[in-house]
Amino acid sequence: MVASLGWVSSRCLQPNPHPLSCYLCIDACPANALVITEEDSEVKLIATNACHGCLQCVSACPTEALVSHDIDQLFNDQEADISLHVGCHRVANRHVDKTLHCLRALGADSFAALSANASPQAVVLHIPDDCSACEASPTNSAKDTWRESAQAFCSITEALPTGHYQRARQALSRRDLLRGRSTPPLPHIPEDDTEPKARRLQRHLDAANKRVGVVAPTLPGIKLNHDACDAHSVCARVCPTDALTAIDNVLSFTPQACLNCQHCLSACPENALESTTLIHEQSITLRHGVQTICAACGRSFQMHNNKRNEDGMPTCPACRRENALMQESFEDLFG
């Protein structure tokens, strides 16, 4: 694995206790270098020798389970209210303040944060004029979405490349070991910041709220079909970031905490949830419920929309499903 790339497994959605089928980092890798393996029930993310160090996987991860010393240092070294010039390793320019191996390691949230901190000055990206044909560029996309995202926040300057794309130095070669050269440290991860969170979305929102003119991100949203919902709150229990919460019979949604993983949609047996988008950050109350007793089985359940049986008595979702199955069986037998 390249020197400045690390994986915080507790932030990742693949391992327990979630585990979710998230492959954003793998899909973002132009070299197909990332592999998820499972050994003795332990999930691992491995960067093979095909990795050339572009770090596009880092910006693709919404929880920041993938971290980079180089990117972290870029933010730590930036001075407020001063222009910032960032260059690719293939660009030689005396005006460049900071060099990243590949600027495609930065995503929209990074551009927004760097731009907000530099404002009213500009962030300038220095890239080679053959960037779109580089080894680190996407090979299966007709449109360069990274460039569109960068231009929304930064200025782009093209220059003649100093040479071909070079692989980033590996973590520790035998020669480095003999010379006593150590690897660059990975970013420090506080003990209270190891859970999955929508870190990139929140960084983008903070930048938009900090400076006028920084384009705000589109927020994920959820719609609830009240007629279909049985108020068992499975959606809230499977949410990895507590964007959906069920407290005191109230189901609430916080858009800035949402990863848009859509696990809640697939977990809902009634298919009562629908994905949408929002333009505001306010939490939304999706459902109010009332704790009551099922007239059929005597168990406590959350009732909303006044769901009752034919006799007008409150009935829990399990009993309603059982009654529906019995009715279907009766109709199959007797027509």
Side-chain angles (χ1 to χ4, degrees), residues 24-25 27-30 52-62 64 66 68 70-75 77-162 165 198-220 260 277-279:
L24 293 175
C25 57
D27 293 340
C29 179
H52 51 56
C54 70
L55 300 182
Q56 292 181 62
C57 54
V58 175
S59 60
C61 180
E64 290 191 345
L66 285 164
S68 164
D70 293 345
I71 298 175
D72 192 59
Q73 201 63 39
L74 172 64
F75 283 97
D77 292 345
Q78 186 188 16
E79 298 183 47
D81 307 324
I82 295 177
S83 63
L84 175 66
H85 292 253
V86 188
C88 158
H89 80 283
R90 299 175 61 213
V91 172
N93 190 314
R94 60 186 179 86
H95 298 295
V96 170
D97 304 310
K98 184 73 175 180
T99 298
L100 288 181
H101 193 73
C102 177
L103 296 189
R104 292 179 182 272
L106 302 175
D109 64 292
S110 297
F111 295 139
L114 292 171
S115 177
N117 197 38
S119 180
Q121 303 301 318
V123 174
V124 182
L125 306 179
H126 297 261
I127 64 175
D129 58 10
D130 63 346
C131 179
S132 59
C134 177
E135 181 181 346
S137 296
T139 57
N140 56 353
S141 176
K143 185 169 67 171
D144 193 345
T145 56
W146 174 85
R147 187 168 185 133
E148 290 183 356
S149 176
Q151 288 176 324
F153 303 95
C154 311
S155 299
I156 293 181
T157 298
E158 294 186 344
L160 289 174
T162 58
Y165 185 89
R199 292 177 176 85
R200 295 201 173 278
L201 178 61
Q202 190 60 60
R203 179 182 293 111
H204 196 156
L205 285 170
D206 291 344
N209 292 330
K210 179 180 179 181
R211 297 289 189 184
V212 176
V214 174
V215 181
T218 300
L219 297 172
N260 202 25
T277 57
L278 299 172
I279 57 174

Enquirer: May I have the step-by-step check of side chain to side chain contact (heavy atoms under 4.5 Å, CB included) for Cys54 and Glu135, ending in yes or no?
Expert: CA-CA 9 Å; Cys54 70; Glu135 181 181 346; over 6 Å; no
Enquirer: I'd like to know if Asp130 and Arg90 make a salt bridge, using a cut-off of under 4.0 Å between side-chain N and carboxylate O.
Expert: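 Yes, charged N to carboxylate O under 4.0 Å.
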Enquirer: Are Pro128 and Val91 side-chain neighbours, meaning at least one heavy-atom pair lies under 4.5 Å?
Expert: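 Yes, at least one pair of side-chain atoms sits under 4.5 Å.
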Enquirer: With a 4.5 Å cut-off on side-chain heavy atoms, are Asp77 and Lys98 touching?
Expert: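 With C-beta onward as the side chain, the pair touches.
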Enquirer: Inspect the contact between Asp81 and Arg211 and indicate whether a charged nitrogen and a carboxylate oxygen are less than 4.0 angstrom apart.
Expert: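 Salt bridge between Arg211 and Asp81, a charged N being under 4.0 Å from a carboxylate O: yes.
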Enquirer: How many angstroms lie between SG in Cys102 and NE2 in His52, if you round to the nearest 0.5 Å?
Expert: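 One finds 8.0 Å between SG of Cys102 and NE2 of His52.
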Enquirer: Show your working on side chain to side chain contact (heavy atoms under 4.5 Å, CB included) between Arg200 and Val58 and close with a plain yes or no.
Expert: CA-CA 11 Å; Arg200 295 201 173 278; Val58 175; 3.5 Å; yes
Enquirer: For Leu100 versus Ile71, what's the shortest heavy-atom pair and its separation?
Expert: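 Taking every non-hydrogen atom into account, CD2-N, 4.4 Å.
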Enquirer: What distance do Leu74 atom CG and Asp97 atom CG have between them, rounded to the nearest 0.5 Å?
Expert: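 So the gap between those two atoms works out to 10.0 Å.
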Enquirer: Write down the atom of Leu278, the atom of Pro220, and the distance for their closest heavy-atom approach.
Expert: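 That closest heavy-atom pairing would be CD1-O, 3.7 Å.
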Enquirer: Decide yes or no for Leu114 and Gln78: does some side-chain heavy atom of the first lie under 4.5 Å from some side-chain heavy atom of the second?
Expert: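 Leu114 vs Gln78: side chains touch.
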Enquirer: Find out whether Trp146 and Ser137 are in side-chain contact, i.e. whether some heavy atom of one side chain is under 4.5 Å from a heavy atom of the other.
Expert: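 With C-beta onward as the side chain, the pair stays apart.
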Enquirer: For Asn117 and Lys210: C-alpha separation, side-chain torsions, deciding distance, then whether side chain to side chain contact (heavy atoms under 4.5 Å, CB included) applies.
Expert: CA-CA 8 Å; Asn117 197 38; Lys210 179 180 179 181; 3.3 Å; yes
Enquirer: If I compare all heavy atoms of Ala108 with all of Ser149, which pair ends up nearest, and what's the gap?
Expert: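 Taking every non-hydrogen atom into account, CB-OG, 3.4 Å.
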Enquirer: So how far is it from Asp129 CG to Thr157 OG1, rounded to the nearest 0.5 Å?
Expert: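 So the gap between those two atoms works out to 12.0 Å.
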Enquirer: So, do Glu158 and Cys131 sit near enough that their side-chain heavy atoms are less than 4.5 Å apart?
Expert: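 Sidechains of Cys131 and Glu158: no contact.
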Enquirer: Which heavy atom of Gly87 sits nearest a heavy atom of Val96, and at what distance?
Expert: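 Minimum heavy-atom contact is N-CG1, 3.6 Å.
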Enquirer: Is the number of heavy atoms from other residues, nucleotides or ligands under 6.0 Å of Glu79 CD greater than 12?
Expert: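 Counting neighbours around CD of Glu79, 12 or fewer heavy atoms of other residues, nucleotides or ligands fall under 6.0 Å, so no.
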Enquirer: Tell me, yes or no, whether the heavy-atom count around Ile279 atom CD1, taken from other residues, nucleotides or ligands under 6.0 Å, exceeds 12.
Expert: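 Result for CD1/Ile279: open.
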Enquirer: Hey, could you give me the NE2/OG1 distance between His85 and Thr99, rounded to the nearest 0.5 Å?
Expert: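 One gets 12.5 Å once the value is rounded to the nearest 0.5 Å.
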Enquirer: How far apart are the closest heavy atoms of Phe153 and Val215, and which atoms are they?
Expert: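 Nearest heavy atoms, Phe153 then Val215: CE2-O, 3.7 Å.
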Enquirer: How many angstroms lie between atom SG of Cys88 and atom CG of Leu103, to the nearest 0.5 angstrom?
Expert: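 With rounding to 0.5 Å, SG (Cys88) is 6.0 Å from CG (Leu103).
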Enquirer: Under the side chain to side chain contact (heavy atoms under 4.5 Å, CB included) criterion, do Ile156 and Arg147 qualify, and how do the steps go?
Expert: CA-CA 9 Å; Ile156 293 181; Arg147 187 168 185 133; 4.0 Å; yes
Enquirer: What distance separates His126 NE2 from Ser155 OG, expressed to the nearest 0.5 Å?
Expert: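 His126 atom NE2 to Ser155 atom OG measures 9.5 Å (nearest 0.5 Å).
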Enquirer: So, His204 versus Phe111, ring centres under 6.0 angstrom or not?
Expert: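 Judged by ring-centre distance (under 6.0 Å), His204 and Phe111 do not meet the cut-off.
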Enquirer: Measure across Leu201 and Pro217 and return the closest heavy-atom pair with its distance rounded to 0.1 Å.
Expert: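 Minimum heavy-atom contact is CD1-CG, 3.8 Å.
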